[in-house]
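Keep in mind that this is a model prediction, so the values were computed, not measured. Residue numbering restarts at 1 for every chain, and letters A, B, ... go by the order of the sequence lines.
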2 protein chains.
Amino acid sequence: MHDIRFAVLGTGGIGRRALDVSREKPGLLPVAACDRNGIAIDHDGLDVDELLAATEGNVASDGGAAVKQHGAGAGVVASAQARSTETPIEDIIAESDAIDAVLIALPNLEHDFIPRVAERFTGAGYEGVLVDVLKRSRVIGMLDGRADSFEESGITFVCGAGATPGFLTGAAALAAQSFVEIESVEIHWGVGLKSGYEDNRGTVREDIAHLPGYDIETARELTDEEIEGIVDEHDGVIEFEEMEHADDVLLERAGICDADDVSVGGILDVRSDEKPTTTTVSVTGRTFDGEHATNTFELGDETSMAANVNGPALGYLKAGVQRNRAGEYGVFGPADLMPEF
Amino acid sequence: MHDIRFAVLGTGGIGRRALDVSREKPGLLPVAACDRNGIAIDHDGLDVDELLAATEGNVASDGGAAVKQHGAGAGVVASAQARSTETPIEDIIAESDAIDAVLIALPNLEHDFIPRVAERFTGAGYEGVLVDVLKRSRVIGMLDGRADSFEESGITFVCGAGATPGFLTGAAALAAQSFVEIESVEIHWGVGLKSGYEDNRGTVREDIAHLPGYDIETARELTDEEIEGIVDEHDGVIEFEEMEHADDVLLERAGICDADDVSVGGILDVRSDEKPTTTTVSVTGRTFDGEHATNTFELGDETSMAANVNGPALGYLKAGVQRNRAGEYGVFGPADLMPEF
């Protein structure tokens with residue numbers, strides 16, 4: 001039944017939600033969770049209820065730390081199942097014979113952060129699946145550049161496996177099947193993040209880096225107060241255009257279209273849980289019989305960002321494990337894998 | 001560039017369109033096409049232009065024969081590249097070291113027809129990919145029952161890989177990713193088949209078998225005149241409800257929902273090329289955070305049935321070849337594979 005044992009790196013918003021969702025996903029057993037100060041590990045399965053309750057309020061806001069910022073305790077060690085460690089990744093790798101997959105749920109505020117995390121796994125000879133939910137286009141090339149080392153180690157790296165890129169990239173890849181030539185892919189998302197705001201400060205900070213006048217470096221330097229100021233300036237509703245989301249290179253990499261033909265934008269409302277716009281993928285192309293048309297994929301407005309990130313992340317993780325067990329190593333994008341339910 | 005060499009069994013509407021589409025699909029080289037009276041084979045690649053022109057008017061209407069019914073010549077032997085044979089499948093298998101995949105584009109008017117075709121490949125020790133575009137739910141179980149023999153032979157069998165089941169099954173599997181529990185999957189298709197009618201008589205006959213009062217056996221016995229009579233009774237627009245399409249068992253098989261939660265219906269208009277309704281997949285479910293929502297996938301109305309069958313069929317074929325080369329054998333449905341572009 002639980003034939004996939006997985007670990008989560010990071011117990012901020014995404015890591016904690018992944019543990020939460022996994023309770024309702026058949027075949028998944030969470031056996032480890034860590035942040036940079038601690039690790040909880042139980043090969044019979046973590047007590048997710050306890051871990052979520054103990055780490056409530058974890059945020060991943062400044063400087064890449066997925067550590068509890070307020071309340072008692074600090075990070076995952078607030079859980080009775082956890083212990084302190086200065087070497088969480090090495091501790092995970094030490095147990096890796098009993099870990100099939102690792103979900104990297106760390107903020108990616110430095111471009112090479114996830115590639116460097118991956119290097120620590122290859123350096124230690126990890127054999128298994130790594131999954132990330134990164135956003136930035138330029139990171140994919142860094143991972144592809146490490147494909148040989150993944151193959152040597154026996155790692156199946158599934159990259160860009162959240163909502164966008166991830167879920168919506170897969171939808172675009174599927175929608176492309178009517179066509180022999182893709183003319184454009186437009187991804188437009190809506191996120192209402194009122195009640196989830198505290199839990200997703202890292203995501204909001206990363207989104208701000210896509211606004212005109214900001215980049216990853218300047219966004220990382222912003223204080224929480226400065227971020228609140230930006231949110232206030234926009235009355236809580238921030239619109240994004242031409243974001244650097246890796247859907248573009250992931251679709252190009254799969255031979256579906258040029259990266260330039262892909263555009264990603266969206267609207268974030270941090271003062272409402274209602275989506276300010278319906279999340280839509282529109283794929284326009286030419287059919288073999290000379291017609292032009294647009295296929296569309298729409299997410300129901302009641303689906304939260306957390307549902308659309310973590311369901312697919314775990315679905316792609318399961319698909320990655322199947323590939324890994326078949327001996328297929330290297331870097332896989334969402335367009336290469338049908339996520340499993 | 002052309003790293004997948006494939007054959008087509010059947011040169012009726014679907015077989016011929018698959019050859020047509022493959023000309024614009026990177027990495028695919030059609031090397032053989034056959035029907036029950038002949039075979040065309042060229043390992044450097046068939047001359048698809050010549051073959052399509054020579055076989056124009058092929059229909060696959062009565063009794064499972066994919067043989068030209070009118071005009072000069074009879075079936076694929078009308079092509080200058082073809083020769084007569086009484087053993088087309090054996091002839092394909094004899095060349096199978098140089099054939100990576102076989103698309104079975106034969107009408108499936110008998111339930112066990114495709115399973116029996118597959119048995120001939122396993123019996124002859126074929127190693128490679130078989131792809132079908134079957135529709136009926138009950139055939140999937142027959143194929144699963146033969147999984148061991150596929151594995152022994154080294155066959156990766158991709159079943160139900162047309163439009164529905166196939167493309168739309170994959171869309172439902174992907175749309176399910178927002179949810180932890182699926183409540184319903186509704187597939188509703190529209191097909192305008194005026195100019196494609198002559199080329200798709202077999203499909204129309206198979207659809208009529210889904211009407212109340214008909215089944216596969218009675219539909220097979222209908223004369224072309226009787227079919228025209230049924231079409232006339234409906235003024236050319238036939239509506240179908242609760243069709244036995246294998247989307248249901250293919251989604252259940254992938255652990256996504258119960259077959260009973262899946263419904264397939266549609267509207268066929270044989271007197272217009274405009275679709276009488278937009279083809280839509282609606283997946284309703286419960287998210288991990290307790291919301292209920294519906295994700296939808298819609299095909300642009302300008303996409304023809306031929307585009308939506310043959311693009312995905314070849315996309316799933318390519319994905320099947322990748323699995324086969326990795327040593328993964330057995331039966332795969334659309335929810336198990338992301339089709340490649």
Inset, instruction - Give the member of A:Ala175, A:Gly285, A:Pro334 that has the highest number of heavy-atom pairs under 4.5 Å with chain B. - result: A:Ala175
Legend entry - Winner by heavy-atom pair count (cut-off under 4.5 Å) against chain B, out of A:Thr287, A:Asp20, A:Thr296, A:Val180: A:Thr296
Legend entry - Residue, of A:Thr278, A:Val21, A:Asn295, that accumulates the most heavy atom pairs under 4.5 Å with chain B: A:Asn295
Legend entry - Segment of A:Thr294 engaging chain B (4.5 angstrom heavy-atom cut-off): backbone
Inset, instruction - Give me the one residue out of A:Asn308, A:Asn310, A:Thr279, A:Val309 that meets side-chain contact (heavy atoms from CB on, under 4.5 Å) with B:Ser178. - result: A:Asn308
Legend entry - Segment of A:Arg23 engaging chain B (4.5 angstrom heavy-atom cut-off): neither
Inset, instruction - Decide yes or no on side chain to side chain contact (heavy atoms under 4.5 Å, CB included) for B:Phe288 and A:Lys25, but give the supporting numbers first. - result: CA-CA 10 Å; B:Phe288 83 103; A:Lys25 283 277 196 178; over 6 Å; no
Legend entry - Atom group of A:Arg286 that falls short of 4.5 Å from chain B, counting heavy atoms: side chain
Legend entry - Results of ring-ring contact (aromatic ring centres under 6.0 Å, His included) for A:Phe150 - residues two or more places apart only: A:Phe157
Inset, instruction - Please report the shortest heavy-atom distance between B:Leu174 and A:Phe167, naming the atom on each side. - result: O-CE1, 3.0 Å
Legend entry - From CD1 (B:Ile182) to CZ (A:Phe341), nearest 0.5 Å: 4.0 Å
Legend entry - Part of A:Ala306 lying under 4.5 Å from any heavy atom of chain B: both
Legend entry - Part of A:Glu340 lying under 4.5 Å from any heavy atom of chain B: backbone
Inset, instruction - Among the options A:Glu328, A:His292, A:Glu24, pick out the one with the most heavy-atom pairs lying under 4.5 Å from chain B. - result: A:Glu24
Legend entry - Top contributor to chain B interface from A:Ser304, A:Gly327, A:Ala163 [non-hydrogen pairs under 4.5 Å]: A:Ser304
Inset, instruction - Compare all side-chain heavy atoms of B:Asp336 with those of A:Met338 and state whether any distance is below 4.5 angstrom. - result: no
Inset, instruction - Enter the distance from B:Glu302:CD to A:Asp289:CG here, rounded to the nearest 0.5 Å. - result: 11.0 Å
Legend entry - Neighbour count >12 (heavy atoms, 6.0 Å) for atom CD, B:Glu50: yes
Legend entry - Winner by heavy-atom pair count (cut-off under 4.5 Å) against chain A, out of B:Ala335, B:Pro312, B:Gly170: B:Pro312
Legend entry - Max heavy-atom pair count under 4.5 Å with chain B, selected residue of A:Ile256, A:Leu314, A:Thr280, A:Val283: A:Ile256
Legend entry - Contacting moiety of A:Leu337, where chain B heavy atoms sit under 4.5 Å: backbone
Inset, instruction - Using modelled atom types only, decide if a donor and an acceptor are shared between the side chain of B:Gln177 and the backbone of A:Ala307 within a distance under 3.5 Å. - result: no
